[in-house]
> 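Let me begin by handing over the structure; questions about it come next.
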Amino acid sequence: MDRSSGLVGREDELALLDRALQDARMSRGGTVCVTGEPGIGKTRLACEAITLAREAGMTVLKGRCIATGPAVPYRSLTEALLSLARAGGAPPTDALGPYLPVLGRLVPEWAIGDACDRSPIVLAEAVVRLAAACGRERGCLLVIDDLHDADLETLAVLEYLAANLALLPVAVVATLRDTPGAAHSLADTLAQRGEAGLLRLGRLGAAQVHALTASCLGCPPDELPVAVSDRVLADSSGIPFTAVELIRGMRVEGRLVRTEDRWRLHGTSRAAIPFTLVRAVEQRAERLGAQTLRLLSAAAVLGRSFPLSVVRRCAAPDDREAAGSLRSAVVDGLLVPDDERGPDWYAFEHPLTQEALLDRLTPADRAELAARAVAAMNELDPSLPGTWCLLAARLHGQAGDRRTAAVRYLEVARRALAGHGPGTAIAVLHEARSALGSVDGSGLHLPDDAVPAGVRRELLETLLLALADDGRLERATEVAQQLRRADVEADPGRRVELHVRLAWAAQVAGRWDVGLEQVRAARELLPEGAGARDTAGIDVVEAYLTVSTAEQGRIGRSEHLARRAIEGAEQRGDHALACQAWYAMGFATRGRSLAESDRCFRRTLRMAAESRQVSWHNHGLIGLGSNAWLAEADLDGLHHAHQEAMRTGCVSLAHNVGAMLALDAVLRADFDRAAALLDGSRAETERLQLHSVTRYALMVGAVAAAHRARRPQLRAALARFRTSGGNESREAPLVLGLAELFCALLEEDHEQAAELAARLTAAVPPDEENYFHLAGSHGLVLLLSVLAGRADWAEVERITESQAGRMRWNRQFVGLARAVLYGREGRPAEAVAACRAAQADAMVFPTARHLGLRLVADAAVTDGWGAVRDWLTEAETYFHHSGADAVAAACRSRLRSLGAPVGQRRTGTDRIPAELVALGVTLREYDVFCLLVERVGNKTVAARLQISPRTVEKHIASLIGKTNSATRAQLCDFVADFLAAR
């Protein structure tokens with residue numbers, strides 16, 4: 001719609017957008033998709049929303065998708081964020097945390113290196129956080145114009161935004177055509193989910209076209225003859241852009257003139273809408289001169305947005321003529337400067353203008369202009385930066401040069417992959433397939449010899465890599481099989497790399513069977529006698545995949561593969577591969593020797609620092625921090641790793657460390673800290689699709705419920721864990737030992753505990769090197785086996801000497817097992833010493849410490865060693881206050897059997913204020929005490945407490961004595977004063 005005219009006929013739609021802005025300012029964010037046919041006024045309506053937002057003090061971020069295509073992932077988002085940076089808006093580092101480096105992918109001056117998490121979902125969360133931070137004072141509006149031209153990565157971000165704005169001060173407005181396509185499908189999907197509003201703009205009616213015509217002509221509506229607007233309506237069919245162009249054309253042609261004080265229409269001829277529009281635009285261009293028309297025609301071939309330098313070489317060799325033509329087109333409103341893309345860029349004011357100019361060209365004209373344009377681009381910058389490369393591919397195709405077009409499409413796809421835009425790469429390759437030829441089963445076969453077989457193969461290989469990086473594992477596997485059948489003469493080394501890439505994609509997706517199948521396929525392609533240099537890439541991915549299988553000896557095989565991968569990576573001089581291999585080695589050796597594992601992780605750190613592999617540097621820090629925690633419950637290393645992951649934008653690693661810190665908090669019985677770490681993290685990791693971290697957090701939640709003996713919460717946590725695929729995960733043994741077994745012991749259900757211990761031993765035998773070091777096989781299960789007489793000194797010594805048995809969590813139970821065996825042999829001094837050492841190890845784990853002493857108490861009594869009464873008294877107090885009633889009751893019962901005095905524990909005694917406890921007020925007396933503030937009678941008190949009036953009378957008499965009150969009335973006054981003071 002003409003910006004010189006007011007907004008006509010969209011009052012209701014603008015009111016809806018205004019309500020969305022108001023909701024955003026009240027932290028009720030949402031998304032509105034404005035759809036309609038070309039020229040219907042979508043962008044004009046969005047501009048009005050921007051004006052309303054700015055008037056209300058909201059932050060406005062605006063980006064436009066471009067018709068030259070998705071050559072650069074996230075282009076419109078980059079434009080939106082750059083507008084903030086150019087306006088001097090510093091990123092809110094306090095609110096963004098680790099997501100600031102992630103946004104550096106879009107705004108280079110915000111980057112602090114290349115270590116940040118490359119997940120597109122993490123980037124989407126970063127955009128959410130930035131918009132929310134920008135809007136925390138007065139709200140934020142994000143406008144994405146022409147969404148139908150968006151790359152797939154931008155569409156993914158929009159989908160994420162729409163799903164996560166409900167409680168944020170952010171409104172999103174996206175405009176798109178209502179033609180079939182990915183953007184339109186997304187808008188419909190979001191509307192069906194209730195995550196976005198769908199605002200469809202219809203054509204204008206007679207009254208609205210009359211008002212629009214009067215606005216364009218600058219006269220009151222009552223001074224405009226209805227015949228004029230009727231003609232505009234008939235020829236434009238109510239499409240605002242067409243109407244404005246027709247009004248301009250009618251004035252240029254002299255068909256619409258102003259006589260005296262009224263506008264009058266001359267002539268009655270009518271034409272079909274498309275021709276009318278084309279003719280109207282053509283007439284405007286012709287009026288500006290033949291040179292301007294040539295310039296505009298060349299620009300139309302390039303697209304809605306175009307570099308002027310290229311157009312000049314195509315259509316206006318004289319710079320002065322080109323400058324004059326450009327000025328004329330801008331003044332007339334056909335072109336506008338594209339400031340967001342740079343000083344050399346201009347754009348057609350409306351896409352229909354470009355389409356109309358393109359329609360007037362013959363196929364031969366288009367081919368000639370395309371050839372001239374691509375020649376100009378190559379002269380200006382042979383590297384074809386940014387979107388130029390995709391534009392060149394399309395122009396080569398239009399000019400009939402299919403071979404070069406295919407090469408350019410391939411380059412665009414590879415650039416997109418390097419820029420972490422697999423969706424964009426897939427879209428580009430599909431466009432290449434459509435533009436260059438038909439399709440057969442292999443995916444990108446071109447039917448003639450215009451495109452060399454090598455280029456065709458590389459296009460298909462790049463599609464395979466893009467599918468793998470985008471997580472489309474099944475489709476990628478199909479393409480790999482098709483490529484393998486169709487191109488047996490391809491370089492085997494290249495095919496090995498493709499299988500390795502697919503194996504990594506399978507490992508990330510948790511599809512270890514598919515990953516190992518790709519590993520086998522890669523090994524089949526290796527030449528006979530291949531050395532470590534040739535197998536390094538295969539070895540390292542198999543090292544990661546192997547540990548997740550149920551294969552016997554998997555840890556040893558993983559270590560062997562990692563060692564060979566290290567050798568091969570060093571021969572290749574591949575630092576990233578070497579870091580991967582050393583990290584895998586550190587993991588594989590952890591169960592045998594933490595010292596050796598530390599050496600591997602330090603090697604990872606050193607190599608990562610030398611080669612600036614910041615992500616692997618963070619991995620090395622996490623490995624060392626985890627080892628220190630396992631060895632001595634030392635948290636300094638994990639805290640440092642967490643801070644570094646946050647600082648460098650490695651979001652998934654930061655969440656991973658946060659979950660480990662949450663488990664530490666649970667084992668230390670610091671449940672509030674654990675909840676604080678888990679509550680926000682779990683929802684966020686689910687949004688970010690960090691499935692392994694989410695599953696680990698669910699495991700920690702189950703352990704937290706178990707260590708508080710909260711069976712209902714444990715059942716719910718176990719259900720969530722299993723729903724997430726937990727039973728088949730690495731965390732399953734931890735849930736079995738740290739959660740289910742532990743809870744059974746706190747409930748004094750020793751029969752169930754024995755069954756769970758047996759299951760755990762079967763799943764994770766203590767003689768198998770494994771990753772489940774804290775599950776119980778090397779600690780708690782050993783203690784239970786010794787107490788039951790199933791394990792002797794040989795087993796205890798074997799586990800004592802193992803690396804897992806020397807980890808601090810396990811040491812407390814191993815020490816108690818040794819104490820029990822010493823006691824049975826009549827060596828009380830050694831038993832006490834072993835128990836004392838175990839308690840020292842257990843000091844940071846209070847729940848486990850008291851449970852362990854409760855478990856060995858009977859054996860200590862039988863064999864005559866240890867301060868059993870002190871242990872049980874302390875344990876009873878701890879478990880009573882922590883709510884573990886069953887084990888607290890068992891401690892009291894055992895104390896009574898030993899003749900120790902035990903005070904009566906009644907639930908709720910902790911409610912009695914200390915002042916009344918000092919007076920000897922009991923729990924039931926306190927219940928009566930609280931009701932006396934209402935000065936009700938004994939029968940009322942008895943009814944409320946469900947006791948007899950006689951019992952109430954006795955409690956009141958006791959309270960009168962304990963509070964030194966002379967009468968019941970004085971007691972009631974005492975109660976009122978006491979409760980008021982609190």
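On a predicted model such as this, the values are computed, not experimentally measured, just so you know. We number each residue from 1, following the sequence as shown.
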> Salt bridge or not for Glu542 and Arg557, using N-O below 4.0 Å?
yes
> Less than 3.5 Å apart, any donor N or O on the side chain of Arg687 or Tyr160 sitting next to an acceptor on the other?
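Indeed, the side chains of Arg687 and Tyr160 share at least one donor-acceptor pair under 3.5 Å.
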> Check whether any side-chain heavy atom of Tyr99 sits under 4.5 Å from a side-chain heavy atom of Val128, and report yes or no.
no
> Going by atom types only, do Arg896 and Ser893 share a side-chain donor-acceptor pair under 3.5 Å?
no
> Rounded to the nearest 0.5 Å, what's the gap from CD on Gln812 to CE on Met843? Could you check?
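Between atom CD of Gln812 and atom CE of Met843 there are 11.5 Å.
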> Could you tell me the separation between the CG atom of Leu736 and the CG atom of Leu718, rounded to the nearest 0.5 Å?
10.0 Å
> Any side-chain heavy atom of Leu630 within less than 4.5 Å of one from Leu774?
yes
> Can you measure from CG (Asn618) to NE2 (His640) and round to the nearest 0.5 angstrom?
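One gets 8.5 Å once the value is rounded to the nearest 0.5 Å.
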> Take Arg811 and Glu632 through the salt bridge (charged side-chain N to carboxylate O under 4.0 Å, His left out) test and state the conclusion after the steps.
CA-CA 10 Å; Arg811 280 204 316 259; Glu632 293 297 337; 3.0 Å; yes
> Does Glu740 form a side-chain contact (heavy atoms from CB on, under 4.5 Å) with Glu755? I'd like the steps, not just the answer.
CA-CA 11 Å; Glu740 295 185 80; Glu755 178 187 338; over 6 Å; no
> Mind telling me whether Tyr878 and His850 have parallel, tilted or perpendicular rings, with 30° and 60° as the class edges?
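It falls in the parallel class, under 30°.
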> Cation-pi between Arg849 and Phe845: NZ/CZ under 6.0 Å from ring centre and within 45° of the ring axis?
no
> Enter the distance from Arg711:CZ to Asp749:CG here, rounded to the nearest 0.5 Å.
7.5 Å
> Taking atom types as modelled, find out whether Glu644 and His642 have a side-chain donor-acceptor pair closer than 3.5 angstrom.
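The criterion, which ignores hydrogens and geometry beyond distance, is not satisfied for His642 and Glu644.
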> Counting C-beta onward and ignoring hydrogens, is there a side-chain heavy-atom pair between Val703 and Phe742 closer than 4.5 Å?
no
> Is the Tyr583 ring parallel, tilted or perpendicular to the Phe587 ring (thresholds 30°, 60°)?
tilted
> Verify salt bridge (charged side-chain N to carboxylate O under 4.0 Å, His left out) between Arg894 and Glu876, making sure each step is shown before the conclusion.
CA-CA 10 Å; Arg894 192 67 178 104; Glu876 188 278 335; over 6 Å; no
